[in-house]
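Read the structure below first, then the notes.
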Number of protein chains: 2
Amino acid sequence: MSNSISSERRSGEETRSQILSIALKFFIEKGYESTSIRDIAEALGMTKSSLYYHFRSKEEILINLIQLRYAQLEELLEWLDNQPMAPDLLERTAHRWIDCTTIERLQVMILAHTNQPVILRLRETGQDIRSGFQDIINRFVDNNSSAEARLLVRMTLDTISAALSASRGTNIDFSEILNVARQTASVLSNLAVGAISADHRQSS
Amino acid sequence: MSNSISSERRSGEETRSQILSIALKFFIEKGYESTSIRDIAEALGMTKSSLYYHFRSKEEILINLIQLRYAQLEELLEWLDNQPMAPDLLERTAHRWIDCTTIERLQVMILAHTNQPVILRLRETGQDIRSGFQDIINRFVDNNSSAEARLLVRMTLDTISAALSASRGTNIDFSEILNVARQTASVLSNLAVGAISADHRQSS
DNA sequence: GTCTATATTTCGATAGAC
DNA sequence: GTCTATCGAAATATAGAC
């Protein structure tokens, strides 16, 4: 409300993003519950109270981090809605998703992966945390599809998580994870499309 | 030390296994850190103090649960050491692992999957928590192998985790998860063996 | 925007009676 | 083997000075 909003805003936003960055690091390494506000504050050379100026609660920090994920998921959904259905559409969708994955988003995926209980709890208490791939999955299968087909479609779209999970504790780097995720998506999409076709043959 | 040890022992062991069972359920649903000793005790109709008679600490409960996993991993390793190396050995190893997976062990895998930070911390503080597949993976690749080959072997052996993770939030059942894990292991083992062969061609 | 000081709660764990 | 009572530590969060 003063005439120096811009500069005040700037430094405020910088501190905010530093907090998010450190919090992401701790939440991945130690887990959300084992990371205290104090851990985050002290790593930034400030006190707990200062941190509460920027975020109302610890949950709000987590929610901010998680939501970074959805903008790109919606872009992918918009792209998908403009594609004609084709046998290789699932594979192309998975590849498109992998190709637009940056190292920052990969870290958010690790966060979501290593803190499933609290994220599930937030979702149940009505926070704005949507479940990731559901809308995209529904483009390929429905509730009449076999469990096999539904699961294979999910796995095809989520090979990054599978590669990430398998790479835990190793020094395998970012680009290699995406490379392997790509290969895996290709072979899994074949299995998925086969299962979907089998469903259709059975229902006709 | 009395002459009624057997009956006393019996009821003690039963309480112990009830505690482990409830703790497993809570650790999966709420996460280890968000589950209090009180949660576990009250679910069993007892107090916190009574629980401390059976387990020294909350950590000890978790460690007991995690260790249920290793007996069968060692059986698999012993079987593997008696097999001659063959191109399809990786696939057969993965299938053997999947085929001996009970629903109880699947739950322990979910536990390990949803509580990675604390399990990693226990391992670092010298508790007897070994990392799962490392010994088995080393039978197929070494540090000279490409990152691609190493990661693909890991993923081939860990398709249960991938299928489990993808099935979160759905009602897809146990047998279908194992079925899909089997199919996935087959196609991934082909990729892995291809990558290993490529390594050998390059080094010779 | 950052600080000191503190309120409030909850946790893991122990002591000791029965 | 289970209980009541309690300790001490650490957590989230707030109030108010600067």
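Quick note: numbers below take in every heavy atom, side chains included, and nothing from hydrogens, waters or symmetry partners. Lettering of chains follows the sequences in order, A, B, ..., and the numbering in each one begins at 1.
Residue A:His54 places its side chain closer to C:dG1 than to any other of C:dC11, C:dG1, D:dT2. The side chain of A:Lys58 lies closest to D:dT12 when the candidates are D:dG1, D:dT12, C:dT2. Proximity note for A:Thr15 (side chain, C-beta onward) versus C:dC11, C:dT2, C:dA13: the nearest is C:dT2.
Salt bridge status for A:Asp142 with A:Arg150: absent, with no side-chain N to carboxylate O gap under 4.0 Å. In this structure, A:Arg92 pairs ionically with A:Asp88, as a charged nitrogen and a carboxylate oxygen lie closer than 4.0 Å. A salt bridge is absent between A:Arg96 and A:Glu78: the closest approach of a Lys/Arg side-chain nitrogen to an acidic carboxylate oxygen does not fall below 4.0 angstrom. Of the charged side-chain nitrogens involved, at least one lies within less than 4.0 Å of a carboxylate oxygen, so that A:Asp39 and A:Lys30 count as a salt-bridged pair.
Between C:dC3 and A:Ser50, a contact under 4.0 Å exists linking OP1 or OP2 to a side-chain N or O. The phosphate of C:dT2 has neither OP1 nor OP2 within less than 4.0 Å of any side-chain N or O from A:Tyr53. The phosphate of D:dA13 (OP1 or OP2) has a side-chain N or O of A:Tyr52 nearer than 4.0 angstrom.
Taking atom CD1 of residue A:Ile37 and atom P of nucleotide C:dT2, one finds them 15 Å apart after rounding to whole Å. Separating the CD atom of A:Glu60 from the C1' atom of D:dT14 is a distance of 16 Å, rounded to the nearest angstrom. When the C1' atom of C:dG1 is taken as reference, atom CD of A:Glu13 falls 14 Å away, rounded to whole Å. B:Glu59 has its CD atom 14 Å from the C1' atom of C:dC11, to the nearest Å. Between the CZ atom of B:Phe55 and the P atom of D:dG1 there is a distance of 13 Å, rounded to whole Å. Distance, B:Asp39 CG to C:dG12 C1': 13 Å, rounded to whole Å. For B:Ile40 and C:dG12, the CD1 to P distance is 8 Å, given to the nearest whole Å. Atom P of nucleotide D:dA13 and atom CZ of A:Arg38 are separated by 16 Å, given to the nearest angstrom.
Contacts of A:Ser34 with the nucleic acid, taken as non-hydrogen atoms under 4.0 Å apart, are absent.
A donor-acceptor pair shorter than 3.5 Å cannot be found between the side chains of A:Gln116 and B:Thr114.
Here the side chains of B:Leu80 and B:Leu89 are in contact, with some heavy-atom distance below 4.5 Å.
For the residue pair B:Leu151 and A:Glu176, the shortest heavy atom distance occurs at CD2-O, 4.2 Å.
Only A:Gly45, A:Met46, A:Thr47, A:Ser49, listed by number, bring a heavy atom of residues 41-49 of chain A to less than 4.0 angstrom from any atom of DNA chain C.
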